[in-house]
Amino acid sequence: MSELKSITGDMVVSFFIATNIAQSEVEEKFTLEELGYQDGDFSDYDDFEVWLDAEYKEWMANNTDSGWILGARDEQLD
């Protein structure tokens, strides 16, 4: 519980994602308040972590584009 008391809406969190390719990192910084956090929202630190992880996963989904394409060998190696 003491960990949770030290968390305030004006704290900054950095979300980042990168691949092993040079200069591929994307990073954004937010205050917890900008993400919708208000002091007293959570009574348990684990619940706070679940919320912050969900916010990160949403941010990551909005900042990545990936997938795969299946085709003949000569079509894929261009």
Side-chain angles (χ1 to χ4, degrees):
M1 181 72 173
S2 62
E3 293 174 330
L4 190 59
K5 287 182 181 178
S6 64
I7 297 173
T8 60
D10 62 347
M11 293 181 80
V12 174
V13 62
S14 296
F15 289 169
F16 66 91
I17 189 166
T19 67
N20 59 353
I21 298 171
Q23 299 178 350
S24 68
E25 185 172 309
V26 174
E27 179 180 12
E28 279 187 82
K29 295 181 180 187
F30 305 93
T31 64
L32 292 177
E33 190 174 69
E34 289 173 322
L35 295 175
Y37 176 83
Q38 295 181 11
D39 296 348
D41 274 357
F42 302 98
S43 59
D44 181 280
Y45 189 78
D46 290 336
D47 291 341
F48 169 77
E49 284 186 320
V50 168
W51 169 79
L52 189 55
D53 191 51
E55 290 293 321
Y56 170 71
K57 287 178 180 176
E58 181 179 339
W59 174 86
M60 187 172 56
N62 291 329
N63 283 281
T64 58
D65 184 17
S66 62
W68 56 272
I69 299 170
L70 181 62
R73 177 180 166 88
D74 59 341
E75 294 172 359
Q76 295 300 312
L77 297 178
D78 294 347

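The basis for the numbers below is simple: all heavy atoms, side chains too, and nothing from hydrogens, waters or symmetry mates.
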For Asp44, does its backbone N or O pair with a side-chain atom of Asp47 as donor and acceptor, under 3.5 Å? no
Nearest heavy atoms of Ile7 and Tyr45, plus distance in Å: CD1-CE1, 3.3 Å
With sequence neighbours excluded, tell me which residues meet side-chain hydrogen bond (donor to acceptor under 3.5 Å, both in side chains) with Glu28. Trp59
Students often mix this up, so state it plainly: with edges at 30° and 60°, are the rings of Phe42 and Phe48 parallel, tilted or perpendicular? perpendicular
For Glu33, side-chain contact (heavy atoms from CB on, under 4.5 Å) partners two or more places apart: Thr31
Give the C-alpha distance, both sets of side-chain angles, the deciding distance and a yes or no for side-chain contact (heavy atoms from CB on, under 4.5 Å) between Leu32 and Leu52. CA-CA 9 Å; Leu32 292 177; Leu52 189 55; 4.2 Å; yes
What side-chain donor-acceptor pairs closer than 3.5 Å can you find for residues 10-19, not counting sequence neighbours?
residue, atom, partner, partner atom, Å
Asp10, OD1, Thr8, OG1, 2.4
Ser14, OG, Glu27, OE2, 3.4
Thr19, OG1, Ile21, N, 3.1
Thr19, OG1, Ser24, OG, 3.0

Going from NZ on Lys57 to CG on Asn62, what distance comes out if it is rounded to the nearest 0.5 angstrom? 14.5 Å
If you compare all heavy atoms of Glu34 against all heavy atoms of Lys29, which two are closest, and at what distance to 0.1 Å? OE1-O, 4.3 Å
Please tell me whether Met60 and Phe30 are part of a single hydrophobic cluster in this structure, the criterion being side-chain heavy atoms less than 4.5 Å apart. yes
